[in-house]
Structures are given as C-alpha cells and as structure tokens.
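Contents: one structure, followed by commentary.
For this chain, numbers begin at 1 and follow the sequence in order. For ligands, and for the atoms within them, numbers begin at 1 and follow the listed sequence.
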Amino acid sequence: MGAMPADVAEAVRRTAPLYERVKSVIPEIEWATMAVDIDAILRLKKERNAVILAHNYMKPEIFHAIADIRGDSLALAIEASRIDAEVIIMAGVHFMAETVKLLNPSRTVLLPALEAGCSLAESITPKDVRMMRERFPQTPIVTYVNTSAAVKAESDICCTSGNAKKIVESLGVRQVIMIPDEYLAQNVAKQTNVDIVTWKGHCEVHEQFTPEEIEAFRDQNPGVVIAAHPECPPAVVEKCDFAGSTAAMIEWISDKKPERAVLLTECSMSDNVAAMVPQTELIRPCKLCPHMKRVTLANIRASLEYMQHEVTIPAAIAPCARRAVERMIEVGR
Ligand code: 13P
Ligand code: SF4
C-alpha cells in the first residue's frame with residue numbers, strides 16, 4: 001500500500017489484530033478506509049460503558065471487528081437480558097432494538113440507523129392482531145420477534161426462527177395463530193401436529209429464493225450442501241439439506257465443514273461464515289437486506305459519539321410486549 005495519512009496509518013497499526021479475522025473477506029485497501037472508525041468505536045465503547053450487539057447479517061467489519069455479542073434474534077434477546085453495561089448499541093434493525101429495550105428497561109438502547117425496518121414487521125399492525133383475536137377468540141397468538149413492540153403487546157407469546165416449533169408445541173393446544181411470516185408458519189406446520197393459522201407477511205429477502213435456483217446450484221456445483229432460513233418459501237426449504245435460524249445455519253456449517261455450501265439467507269452472513277470456516281467454499285447468491293445494510297461503521301460511531309438514536313417503548317404497551325418476549329425466553333430454544 002502507498003503512503004497514508006498518519007492518523008490512518010496509526011489506526012491500521014492498532015487494528016491489525018482485528019484485520020487478521022477478516023482478511024479473507026475484506027481487502028487491505030478497504031480496511032484502511034475502515035480502521036479510523038473502528039479504532040474510534042473501540043475507544044468510545046470504553047468511555048460510554050457500552051456493548052455492541054450484532055446480528056449475523058451485519059457486515060464483516062461490524063460482526064468480526066467491533067461486536068461484543070453476535071447471534072440470531074433469539075441469542076441476542078437472551079444475551080440482552082444478561083447485559084451489564086449502561087449503553088447497548090443494537091447493530092441490527094428496529095424490532096431487535098425494541099426487544100433489547102423491553103428486556104433492559106433501565107439501560108440506554110441505541111439504534112445507529114433509526115430507519116432500519118423490516119418487511120415482516122411492516123406487514124402487520126396491532127389492529128390486525130386484534131382482528132385475528134376476534135375471529136379466533138380461543139386460539140393463542142404466537143408472534144414472530146420480527147414485529148413491532150405494539151404488535152407483540154397484543155400477542156400471547158413470541159417466537160424466533162430458532163424456537164418456533166418448540167413455542168408452538170409448548171402451548172399444549174390443538175390450534176395456534178402464527179403471525180406474521182406465512183412461510184415460517186408453513187415450514188413449522190410441516191413439523192408439528194398443531195394446526196397453524198397463518199398471516200400473509202413475507203421477508204423481502206428470503207421470499208426471492210426459488211426452487212429452480214436450488215436446482216441450478218446443484219447442477220452447477222456437484223456435491224454442494226444447501227442450508228435455508230425458514231423464512232424461505234416451503235418449496236425452497238424442501239429442496240435443501242438443512243433449515244434453521246441464522247445461528248443454526250452457522251453451527252451446521254461450522255460442524256460439517258463441507259467442501260462447498262450455499263446459505264440461502266442474507267448476503268453478509270456468507271461473508272461472516274467464510275471468515276470463520278475457511279475450509280468451506282461458499283457460493284454466494286447475494287441477496288441484501290436493505291434495512292440491515294443501513295447500519296454502518298460511520299453511524300455506529302455517530303451513535304456512540306452523540307448517544308443517538310435512543311429507542312423507547314410507550315409505557316402503555318411495554319408490560320404486555322415484555323411479557324410475550326419473556327414467556328418465549330422461559331420456554332427456551
Ligand atoms: P434469525 O432469528 O434467524 O437471526 O433471523 C432474523 C431475521 O431477520 C432473518 O431474516
Ligand atoms: Fe426483515 Fe427479511 Fe431483513 Fe430479516 S432479512 S430484517 S426478516 S427484511
């Protein structure tokens with residue numbers, strides 16, 4: 001690399017051990033553009049007594065270099081309830097920050113990109129849930145964590161992709177309503193005798209995968225193993241070797257270390273796994289979640305510098321929403 005400004009050179013030197021973790025997925029020249037922010041974030045975390053929670057879809061420089069806790073929605077929710085820090089930065093989307101706030105009401109929870117939403121969370125409102133309750137008064141409502149706190153507050157219990165079947169069966173009833181992800185609900189319905197009433201919400205990333213694409217991966221890459229997130233349509237999941245939450249997919253690949261694999265999920269996760277499991281060649285169909293990608297080193301740094309954007313939950317809904325999340329955590333993974 002050519003000469004660089006002294007502050008950049010110093011930041012590159014200080015962050016060199018972190019670069020070792022991601023050098024297979026981030027070119028050295030790009031790291032030089034990131035090092036100053038990374039260095040500042042590490043300093044600010046100490047000054048603010050802050051921790052950074054990062055979802056598995058965060059870009060490698062966030063996931064591998066600055067995060068304190070990484071995981072799927074369930075792991076982040078559970079870890080959030082054990083955190084001992086004044087400030088929690090949620091490197092993820094809005095519903096995740098709300099869940100963290102529900103479980104940590106006395107701490108400051110910051111979301112670096114306030115506009116980071118989720119197509120599933122946007123697919124249902126509290127009014128919709130009340131309408132379902134009226135139509136099925138005897139049927140418990142299981143709500144995916146990818147929803148607003150206001151929707152959670154209308155629900156009996158939450159679930160994630162990592163525990164959905166367990167939650168549905170824990171209720172000991174013949175029928176449940178599972179909202180809002182239609183495909184997750186249909187994928188769970190195939191594994192249980194409980195009758196599941198669905199809603200028509202979809203993840204804008206996972207709904208793009210098709211069975212034809214899976215066949216093409218297999219034709220072009222003999223011996224490839226394919227794992228899917230259960231937000232994918234059932235016709236896609238059926239054709240895969242494994243389906244599970246983002247954490248379950250990572251565990252599966254880390255365990256099996258196949259020669260070649262495809263992860264049918266958000267694009268950055270394959271980069272994060274590639275850095276962790278170098279033995280496996282990851283074929284990467286790049287489907288980005290535009291909401292997750294709003295979180296950057298620059299806005300994480302700004303959130304620590306200016307203590308923005310604080311996530312709060314109205315007092316009128318917080319207790320009921322918290323109860324739905326806590327009931328889920330009591331049932332466990
Ligand atoms: P996980 O709970 O599996 O991490 O999924 C969250 C999500 O948003 C998937 O699109
Ligand atoms: Fe929502 Fe899909 Fe993005 Fe996950 S990947 S945050 S479900 S839009």
Which of the atoms of ligand 2 are close to [X], meaning less than 4.0 Å from one of its heavy atoms?
X: L120; result: 7 (S)
X: V205; result: 5 (S)
X: N146; result: 7 (S)
X: S119; result: 8 (S)

Over 60° means perpendicular and under 30° means parallel, so tell me whether [X] and [Y] are parallel, tilted or perpendicular.
X: H202; Y: Y183; answer: parallel
X: F242; Y: W252; answer: parallel
X: H55; Y: Y57; answer: perpendicular

What is the distance from atom [atom1] of [X] to atom [atom2] of [Y], rounded to the nearest 0.5 Å?
X: T139; Y: Q175; atom1: OG1; atom2: CD; result: 4.0 Å
X: D37; Y: T296; atom1: CG; atom2: OG1; result: 8.0 Å
X: R218; Y: K239; atom1: CZ; atom2: NZ; result: 8.5 Å
X: L53; Y: M58; atom1: CG; atom2: CE; result: 11.0 Å
X: H206; Y: Q208; atom1: NE2; atom2: CD; result: 9.5 Å

Protein residue, atom and distance nearest to [atom], heavy-atom basis:
atom: atom 1 (Fe) of ligand 2; value: C118 SG, 2.4 Å
atom: atom 2 (O) of ligand 1; value: S73 OG, 2.8 Å
atom: atom 8 (O) of ligand 1; value: N146 ND2, 3.3 Å
atom: atom 2 (Fe) of ligand 2; value: C203 SG, 2.3 Å

* Asked: Hey, is atom 3 (Fe) of ligand 2 within less than 2.8 Å of some N/O/S atom on C289?
  -> yes
* Would you check if there is a donor-acceptor pair between the side chains of E266 and H229 at a distance under 3.5 Å? => no
* Asked: Taking the minimum heavy-atom distance to atom 9 (C) of ligand 1, which of M249, E231, E266 ranks first?
  -> E231
* Asked: Of the choices L76, N56, T246, which has the non-hydrogen atom that lies closest to atom 4 (O) of ligand 1?
  -> T246
* To do: Run through K46, R14, K45, R301 and flag the one making a salt bridge (Lys or Arg N to Asp or Glu O under 4.0 Å) with D39.
  => R14
* Asked: Should I83 and I62 be regarded as members of a common hydrophobic cluster, given that ILVMFWY residues are connected when their side-chain heavy atoms come within less than 4.5 Å of each other, either directly or indirectly?
  -> yes
* Asked: Does one hydrophobic cluster hold both F136 and I196, with members joined at side-chain heavy-atom distances below 4.5 Å?
  -> no
Distance under 4.0 Å to a non-hydrogen atom of [X]: what atoms of ligand 1 satisfy this?
X: Y57; value: 7 (C), 9 (C), 10 (O)
X: D72; value: 1 (P), 2 (O), 4 (O)
X: S161; value: 1 (P), 2 (O), 3 (O)
X: H206; value: 10 (O)
X: H229; value: 1 (P), 3 (O), 5 (O), 9 (C)
X: S245; value: 3 (O)

* Of the side chain and backbone of T160, name the one, both, or neither that has a heavy atom under 4.0 Å from an atom of ligand 1. => neither
* May I ask you to identify, for E231, whether its side chain, its backbone, both or neither come under 4.0 Å of ligand 2 on a heavy-atom basis? => side chain
